[in-house]
Amino acid sequence: MTHEKTEGVTTRNTTLLELRALIPSTAPGSMDSFSLPLATWEAWAPGRSTRQEWRASPPEALDPAGATADIGFVDPMLRRRLGPVARAALNVAHRCLGERTGVPMVFASRHGELARTLTMLKDLAAGEEVSPATFSLSVHNASAGVFSIARQDTAPATAISAGDETLGMALIEALARLSPEQPQILLVYADAAVPERYTQDIASAETPHALALLLDIRSPSRLHVATQRPSTVPSDHMMGLSLLNVLAGHSPRETWTGERGTWQWTLADA
Amino acid sequence: MDTLHTEISQLIIDTLDLEDMTAADIDPAAPLFGDGLGLDSIDALELGVALRKRYQVRLDGDDPSVKRYFQSVNTLVELVRQRSENEA
């Protein structure tokens with residue numbers, strides 16, 4: 001595990017195996033489970049942002065392109081360079097946190113600003129100079145850093161990525177950090193449309209969406225999470241949309257399968 | 001303002017994603033960084049790359065005169081004129 005400190009933001013490049021090690025090991029076929037105290041949540045996708053909109057219909061046919069998320073709370077000079085992932089992440093993080101300050105955060109994204117990364121790779125391949133602004137905002141902890149500057153909030157943040165299970169691993173990261181000394185954690189997940197150059201390498205259809213969960217050990221509401229080795233063929237939709245189906249009340253229990261595991265969510269009062 | 005002033009103001013707007021601004025909005029004598037236009041250190045790097053690409057102006061970060069040239073649109077115009085005269 002490596003840590004890199006920049007402006008109060010810690011990037012943790014955690015491998016899947018290291019995160020897997022956090023879950024107690026069990027025999028193949030058996031389930032590991034944990035529960036998280038959920039205080040509130042917010043989500044965004046092109047065309048829907050309020051909880052009412054998410055509750056109105058299941059997130060089945062989300063617009064793959066569509067508008068970018070509104071982040072009017074960020075100063076225009078800071079906002080101008082932000083890409084679609086940062087905009088979606090900041091939108092849900094700000095709405096979920098409201099007036100609260102000092103809440104530690106977990107920022108998660110499978111791809112980050114992949115369109116920017118691709119632009120830089122093309123520039124490098126062509127022997128061109130790489131744009132400093134593009135580089136600075138393509139790094140995985142960029143959204144956390146900009147959020148911290150925009151809200152003048154120095155709460156610690158980690159940034160994680162773990163393939164198609166990124167959101168699930170962010171839940172485990174949040175679980176590991178919740179404690180009586182750190183009773184609240186804001187989990188923020190966001191991904192944007194994948195550039196066409198990469199679509200053939202990705203199994204599931206990817207649609208832009210973002211999700212923020214405020215976890216608070218004093219909350220009576222519980223998000224139960226169970227994982228096991230893959231028990232079905234991989235799901236044709238993203239993990240976040242599966243979780244949103246449960247959060248928005250469209251389904252009491254959802255099961256999602258990725259390349260490495262099957263995950264199951266349910267909501268309950270403790 | 002002559003053509004080069006407008007051209008450099010437009011270069012700043014395009015390079016630095018200054019939303020809803022036109023070349024006429026930038027006071028050529030106003031500071032680019034801090035209180036004036038409000039640009040930051042990443043903008044300075046980005047602008048350096050753009051000037052190099054467009055005008056082949058080579059900038060050395062250790063050269064104290066660079067800071068003076070990055071004061072305003074007027075001083076950047078001065079920089080581009082001076083360097084192109086040197087090469088002519």
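All of these numbers come straight from a predicted model, not from anything done at the bench. Computed from heavy atoms alone, side chains included, the values below leave out hydrogens, waters and symmetry copies. Numbered from 1 within each chain, the chains take letters A, B, ... in sequence-line order.
- For B:Arg52, the CZ atom is densely surrounded, since the number of other residues' heavy atoms within 6.0 Å is greater than 12.
- Taking the ring-ring contact (aromatic ring centres under 6.0 Å, His included) definition, one finds that A:Phe107 meets it with nothing, sequence neighbours left out.
- With values rounded to the nearest 0.5 angstrom, A:Phe135 atom CZ is found 10.0 Å from B:Ile42 atom CD1.
- Heavy-atom distances place both the backbone and the side chain of A:Ser131 under 4.5 Å from chain B.
- Under a cut-off of 6.0 angstrom, the local environment of CG in B:Asp60 is crowded, with over 12 non-hydrogen atoms contributed by other residues, nucleotides or ligands.
- Between A:Met77 and B:Gly38, the shortest heavy-atom contact is CE-O, 3.4 Å.
- Closest approach of A:Ala133 to B:Glu46, counting heavy atoms only: N-OE1, 2.6 Å.
- Residue pairs meeting the ring pair (Phe, Tyr, Trp, His ring centres under 6.0 Å) criterion with at least one member in residues 69-88 of chain A, sequence neighbours excluded, are A:Phe73-A:His94.
- Using a 4.5 Å cut-off between heavy atoms, B:Leu39 contacts chain A through both its backbone and its side chain.
- Enclosure of atom CG in B:Asp14 by more than 12 non-hydrogen atoms of other residues, nucleotides or ligands within 6.0 angstrom is indicated.
- Using a 4.0 Å cut-off between a side-chain N of Lys or Arg and a carboxylate O of Asp or Glu, A:Glu129 and B:Lys53 do not qualify as a salt bridge.
- Of the possible polar contacts, one joining the A:Arg80 side chain to the B:Leu16 backbone as a donor-acceptor pair under 3.5 Å is found.
- Contact annotation for B:Asp43: both backbone and side-chain heavy atoms come within less than 4.5 Å of a heavy atom of chain A.
- Between B:Asp40 and A:Arg81, at least one side-chain nitrogen of the basic residue sits less than 4.0 Å from a carboxylate oxygen of the acidic one, meeting the salt-bridge criterion.
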